[in-house]
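Written below as structure tokens is the structure these notes are about.
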Amino acid sequence: MDTEVELKYLVLAQDVEAKITSLLTTENLSFEKNTKLLSNCYFDTADLKLRKKDYGLRVRGCNNQLEQTIKTAGVVVGGLHQRPEYNVDITQPFPELSLFPADIWIDENETAQLQQQLIALFDTDFKRIIWLVKFKESTIELAFDQGTISSDGRTIEIAEIELELVTGAVDAIFELAKLLFKPLLLRPGIRSKAARGYQLWHNNTPEAHHINLQISANVNTNTLTSYFNQGIEHCLQQLHLSVDNYIHQPSYLHLADLVDVLVMLRHGFWLADLHLTDHGRKLRDELSYFIQLFAWLDNAIYLQELMNKTGNYRKKLELSEQLIAQLRIEKQRFPETDHVIELMHSERFNQLQLSLLELIVLPSEQTFSPLMNTIDYHQYAREKLSVSLQELTSALPDTPLNIEQYLALRKLLRRSLLTGSWFGHLFNQQLRDQFRLPWLDIQQGLSELQSLSILHQQLERVEEAPVKLVKWHQSKLDNLMTALEHSKQSAMTQQPYWEE
């Protein structure tokens, strides 16, 4: 058995082969280069028994030789793939499961039954250009794959890079990857060729991944450092899912998910502020940099909501052609999809993601001070939740708030809710959800209030706003302010769940 340790990246850049060879030469790295034409057929049962076990079975043909491979369940974090695999030379293009070690199966009957039910599902055919690189006392196989995945007449393209550790230290593949970020447009590959092949076999288009921003601790959590590391690992996975969502279906809402994950990550670093090393502060600053790049997004979302032909506002806005034209001009000021996608493949964004991955998998990356290992993370959570709530409630007077006062609450409320997302899992879920509900209602109300505020600004620019539209806007605003006050009163009476 071998255990693959590799980084995978999807490629947008042109002239990949020439750029990689030039880079390795410029860096004075010793390498051997060769090319293979690989033909792979993937097998499973019709009801995907292997897939359900997270196994992948293929037969690979190369230079008139056949090899069957099975990859068993492994771990994928931030583009770093670690999976046990078993390879056996064969003479026929159909796999023989009994040739694999018996201990990967439950029993012999299972193996025999699976063998009888195997069918071919899809093929991957690609040219693999390999550079076997000597790098910092390690040997790394750097491969560029270009070709197709096909099933029942349907095809999708392959263009990806893999860095696999042959011998040496894992950190070597991280260092080599950083060199590739400059000449190539890359993004972490979170879905294997097999995963894409299964999707093609099902004839499914890529579905949007659900983004989950709730941090949870597993059984291995015993220190505050490990709790934060698990949270960062979770957020990094959600970040890659949100990028994948946007690439396959560009929309402001998918982009908002990505920004929410960045904000969640940065908030984690703020929660650990007193215990951050210089390296940790640098990562936090990089997260702030990218969050700021998307500062335009909120207004874009609010404007899109106003312009949505099936939305709550559009029918009323039709009362003013001048206002509609004005909003269209505003909409044109936001970045195009191509610009956003290029940013997602940029050197700096890749560096940030790889640095986050390094602190999870490489113990040498000291992001938090050793003192954090001595702190009770349950008590730490209670303190942070209490401080966050105190900051928020201090800004909420007993008297009704005006529009400006409510809008000024948005940052404080978001920070308090983010703290709850980081630590809330440590306490009773029912009490936690009950406590957060009115605060989440306020957050939703503030979002709608911002939309109405933007509409108000645009109405003031119109030479003669229709009286009916102005009255509707005021009525909508009055009702929302009443609802916000009701939610505020409910929120202020909630007992903090971490004090129960």
Side-chain angles (χ1 to χ4, degrees), residues 7 75-82 174 187-191 208-218 220-221 223-247 253-273 275-277 279-294 297 343-344 346 348-363 365-368 372 377 380-381 384-385 388 414-426 432 436 443:
L7 282 171
V75 178
V76 180
V77 180
L80 181 72
H81 297 241
Q82 300 180 73
F174 287 83
R187 77 175 190 274
I190 59 174
R191 297 167 67 244
H209 307 281
H210 172 69
I211 304 304
N212 175 19
L213 290 183
Q214 302 301 318
I215 304 299
S216 60
N218 64 33
N220 296 320
T221 301
T223 67
L224 187 59
T225 300
S226 64
Y227 187 87
F228 273 108
N229 280 340
Q230 285 180 31
I232 292 168
E233 178 181 340
H234 173 78
C235 288
L236 184 58
Q237 291 172 333
Q238 301 307 303
L239 180 62
H240 292 138
L241 292 177
S242 64
V243 169
D244 208 47
N245 284 346
Y246 185 83
I247 296 296
L253 293 181
H254 286 326
L255 196 55
D257 283 340
L258 182 147
V259 175
D260 284 344
V261 178
L262 292 174
V263 170
M264 183 72 173
L265 272 164
R266 183 181 63 176
H267 193 72
F269 283 93
W270 277 115
L271 289 172
D273 181 49
H275 307 287
L276 287 181
T277 62
H279 178 66
R281 292 188 183 91
K282 182 180 178 182
L283 282 175
R284 186 180 65 194
D285 291 345
E286 278 298 281
L287 289 165
S288 294
Y289 169 80
F290 283 102
I291 292 167
Q292 187 58 38
L293 286 184
F294 293 107
L297 182 59
L343 175 63
M344 291 176 175
S346 67
R348 190 164 180 176
F349 195 51
N350 274 308
Q351 290 278 12
L352 170 62
Q353 294 172 88
L354 196 61
S355 293
L356 292 168
L357 180 59
E358 282 180 314
L359 74 87
I360 297 166
V361 301
L362 299 179
E365 291 299 327
Q366 294 297 324
T367 306
F368 307 109
M372 274 186 60
Y377 63 90
Y380 192 87
K384 290 297 182 181
L385 287 164
S388 179
R414 190 178 197 185
R415 288 175 190 163
S416 185
L417 289 170
L418 285 170
T419 302
S421 295
W422 266 93
F423 294 128
H425 176 80
L426 298 173
R432 170 183 170 274
R436 285 168 65 88
Q443 185 180 54

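Residue numbers start at 1 and run along the sequence shown.
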So do [Y] and [X] actually touch side chain to side chain, heavy atoms under 4.5 Å?
X: I215; Y: Q230; result: no
X: L343; Y: F294; result: yes
X: L418; Y: W270; result: no
X: N229; Y: I360; result: no
X: L265; Y: R284; result: no
X: L258; Y: M344; result: yes

Short side-chain to backbone donor-acceptor contact, [X] and [Y], under 3.5 Å:
X: Y380; Y: L271; answer: yes
X: H240; Y: L236; answer: yes
X: T277; Y: T367; answer: yes

Which of these passes side-chain contact (heavy atoms from CB on, under 4.5 Å) with L276: K282, R281, M372?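 That would be R281; it is the only one of K282, R281, M372 passing the side-chain contact (heavy atoms from CB on, under 4.5 Å) with L276.
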
Could you state the interatomic distance from [atom1] ([X]) to [atom2] ([Y]), rounded to the nearest 0.5 Å?
X: R266; Y: I291; atom1: CZ; atom2: CD1; value: 3.5 Å
X: L239; Y: F290; atom1: CG; atom2: CZ; value: 10.0 Å
X: I232; Y: L356; atom1: CD1; atom2: CG; value: 7.0 Å
X: E286; Y: S355; atom1: CD; atom2: OG; value: 8.0 Å

Please lay out, stage by stage, how F349 and V243 fare under the test side chain to side chain contact (heavy atoms under 4.5 Å, CB included). CA-CA 11 Å; F349 195 51; V243 169; 4.1 Å; yes

Are the charged groups of D260 and R414 less than 4.0 angstrom apart, N to O? yes

Heavy-atom closest contact ([X] atom, [Y] atom, distance):
X: S421; Y: R432; answer: CA-NH2, 4.4 Å
X: N212; Y: H234; answer: O-NE2, 2.7 Å
X: L7; Y: L357; answer: CD2-CD2, 3.9 Å
X: Q214; Y: G420; answer: OE1-O, 4.5 Å

Going by atom types alone, do [X] and [Y] pair a side-chain donor with an acceptor below 3.5 Å?
X: R415; Y: S388; result: no
X: S226; Y: T223; result: yes
X: Q238; Y: H209; result: no
X: H254; Y: S242; result: no

Any idea how F423 and F228 line up, ring-wise: parallel (<30°), tilted (30 to 60°), or perpendicular (>60°)? perpendicular

Using 30° and 60° as the class limits, which term best fits the ring planes of F368 and F269: parallel, tilted or perpendicular? parallel

